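Quick notes on the structure that follows.
Since we're looking at a predicted model, the values are computed, not measured.
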Amino acid sequence: ALIDRYGEIPQESINLLEVARIKNYARALKVLSIKQKNKNIVIQFSNEEFIMDKVQILVDIYKSDIMFSSGISPYITLKLQSEKDSDILKDVLKLLKIVKGWFYYG
């Protein structure tokens with residue numbers, strides 16, 4: 001295995017792989033942008049079709065830590081629980097998986 005030969009994978013490399021996974025999901029979901037604003041992540045979509053049927057699921061999971069804005073370019077604002085890069089990437093990936101319908105939350 002790679003770990004046996006080269007040792008533990010640096011966190012920076014893991015983060016880079018997570019960014020690639022996020023970009024893949026974002027492309028499939030027609031995401032226009034993902035931005036960090038202060039202690040929030042804002043994900044803007046090209047249309048409402050991917051998020052409107054997930055609103056209740058997202059509210060059930062994130063409670064008051066998530067907000068929605070509908071319109072021509074709807075967006076989701078997620079309050080971050082951590083400022084650590086690896087945690088932020090995991091949170092964004094989880095949210096995109098939920099929107100895509102590929103995350104079990106029960």
One should read off an interatomic distance between Ile66 CD1 and Leu78 CG, to the nearest 0.5 angstrom, of 5.5 Å

Pair Phe45, Leu29 - check side-chain contact (heavy atoms from CB on, under 4.5 Å), show working. CA-CA 8 Å; Phe45 294 82; Leu29 293 169; 4.2 Å; yes

Rounded to the nearest 0.5 angstrom, the OG-CD1 distance for Ser82 and Ile88 is 6.5 Å

Say whether Asn40 and Gln36, considering side chains only, have a donor N or O and an acceptor N or O under 3.5 Å apart. no

So NZ of Lys100 and CG of Asn24: to nearest 0.5 Å the spacing works out to 9.5 Å

Of Asp91, Val92, Ile98, the one forming a side-chain contact (heavy atoms from CB on, under 4.5 Å) with Lys94 is Ile98

Restricting to pairs with a member in residues 63-80, which pass side chain to side chain donor-acceptor pair (under 3.5 Å), not counting sequence neighbours? Asp65-Gln81

Which atom of Val59 lies closest to which atom of Phe68, heavy atoms considered: CG2-CE1, 3.7 Å

Pairs involving residues 12-24, ordered by first then second residue, that meet salt bridge (Lys or Arg N to Asp or Glu O under 4.0 Å) (sequence neighbours left out): Glu18-Arg21

Hphob cluster co-occupancy, Ile61 + Val55, side-chain heavy atoms under 4.5 angstrom: yes

Kindly indicate, with the supporting measurements, whether the criterion side-chain contact (heavy atoms from CB on, under 4.5 Å) is fulfilled by Lys97 and Leu93. CA-CA 6 Å; Lys97 284 181 175 182; Leu93 188 59; 4.0 Å; yes

Scanning both residues in full, the closest heavy-atom pair of Val42 with Lys37 reads CG2-CD, 4.2 Å

Is it possible for you to say whether Ile57 and Ile43 belong to one hydrophobic cluster, with membership spreading through side-chain heavy-atom contacts below 4.5 Å? yes

Approximate separation, where rounding is to 0.5 Å, of Lys35 NZ and Gln44 CD: 7.0 Å

Full working for side-chain contact (heavy atoms from CB on, under 4.5 Å) between Tyr25 and Val31: CA-CA 9 Å; Tyr25 278 100; Val31 169; over 6 Å; no

Between Ile9 and Ser13 the two heavy atoms that sit nearest each other are CG2-CB, 3.7 Å

Which atoms form the tightest heavy-atom contact between Pro74 and Ser46, and what is the distance? CD-C, 4.5 Å

Qualifying residues under salt bridge (Lys or Arg N to Asp or Glu O under 4.0 Å), relative to Glu83, sequence neighbours excluded: Lys39

Quick one, Ile76 with Val99, criterion side-chain contact (heavy atoms from CB on, under 4.5 Å). Give me CA distance, side-chain angles, the key distance, then yes/no. CA-CA 11 Å; Ile76 296 172; Val99 173; 4.3 Å; yes

CD1 of Ile14 to CG of Leu89: how many Å apart, nearest 0.5 Å? 11.0 Å

For Leu96 versus Ala26, what's the shortest heavy-atom pair and its separation? CD1-N, 4.3 Å

